[in-house]
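See below for the structure under consideration.
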Amino acid sequence: MASSKGVATSPAAARASDMEKMSIEQLKAVKEQTDLEFNLLQDSLNNIKTATGRLEVAATSLNDLSHRPQGKKMLVPLTASLYVPGTLDDADRVLVDIGTGYFVEKTMNEGKDYCERKINLLKSNFDQLIELATKKKTVADEAGAILQAKLRQLAPTT
């Protein structure tokens, strides 16, 4: 983006100058919208952190499971709080939850690889969302500052 003098301006400077031209109602709407988007991004970031943590636990569990001998007695999780006794039959074959209730049988190495790929994908998405959330927060803060300045100008001085 270039100004009329041919000097490049930053998008933030252009955005701030555009917001200064807005009415108070428009600024309130921009601030509310960007705050809402920022909060949604924060929720997404929290969900990605949770999913990454679960996948890291799964990868660790697969690694631990691969070192156990066949016929080893163990507790098998059915839910987060319900375990049943079981016996390890084949440590080289695992069922991998690929989402929405679907499971795929894979070798131990394929299961570990699947977890690592998903973790890397989630970390990449997390980094992209952090960048976007930072931009949204900056816009919301700029809108709030300009809104406060306009409201101070309208307030009677005593």
Gly111 and Lys106 have their tightest heavy-atom pair at N-CB, 4.1 Å
Honestly curious: do Ile146 and Leu151 fall in one hydrophobic cluster under the side-chain, below-4.5 Å linking rule? yes
Identified side-chain contact (heavy atoms from CB on, under 4.5 Å) partner of Leu41 from the options Ile130, Thr134, Leu132: Leu132
Would you mind writing out the side-chain donor-acceptor pairs for residues 69-85 within the sub-3.5 Å range, not counting sequence neighbours?
unit_1, atom_1, unit_2, atom_2, d
Gln70, NE2, Asp89, O, 2.6
Thr79, OG1, Ser81, N, 3.3
Thr79, OG1, Leu82, N, 3.1

Say you draw a straight line from CE of Met19 to CD of Gln26; how long is it, rounded to the nearest 0.5 Å? 12.0 Å
Pairs satisfying side chain to side chain donor-acceptor pair (under 3.5 Å), at least one member in residues 92-103, at least two apart: Arg93-Glu105
One should read off an interatomic distance between Leu147 CG and Arg152 CZ, to the nearest 0.5 angstrom, of 10.0 Å
Could you check whether atom NZ of Lys28 has more than 12 heavy atoms from other residues, nucleotides or ligands sitting under 6.0 Å from it? no
Partner residues of Lys31 under the side chain to side chain donor-acceptor pair (under 3.5 Å) criterion, sequence neighbours left out: Asp35
Check this for me: does any side-chain nitrogen of one of Asp64 and Arg68 sit under 4.0 Å from a carboxylate oxygen of the other? no
Kindly list each side-chain donor-acceptor pair under 3.5 angstrom involving residues 48-63, sequence neighbours excluded, with atom names and distances?
unit_1, atom_1, unit_2, atom_2, d
Thr50, OG1, Asn46, O, 3.0
Thr52, OG1, Ile48, O, 2.8
Thr60, OG1, Glu56, O, 2.9
Ser61, OG, Val57, O, 2.9

Lys112, NZ: over 12 other non-hydrogen atoms inside 6.0 angstrom: yes
Please answer: with hydrophobic residues joined when any side-chain heavy atoms are less than 4.5 Å apart, are Val104 and Tyr114 in the same cluster? yes
Could you tell me which non-hydrogen atom of Ala143 sits nearest to which non-hydrogen atom of Val30, and how far apart they are? CB-CG1, 4.1 Å
Please enumerate all residues that pass salt bridge (charged side-chain N to carboxylate O under 4.0 Å, His left out) together with Lys136, with sequence neighbours excluded. Glu37
Pairs under 3.5 angstrom only: tabulate donor-acceptor contacts from the side chains of residues 117-128 to other protein residues two or more places apart or in another chain.
unit_1, atom_1, unit_2, atom_2, d
Arg117, NE, Asp113, OD2, 3.1
Asn120, ND2, Glu116, O, 3.3

Rounded to the nearest 0.5 Å, the CD atom of Glu20 sits from the CE atom of Met22 at a distance of 11.0 Å
Walk me through whether Phe38 and Val139 qualify under side-chain contact (heavy atoms from CB on, under 4.5 Å). CA-CA 10 Å; Phe38 176 76; Val139 171; over 6 Å; no
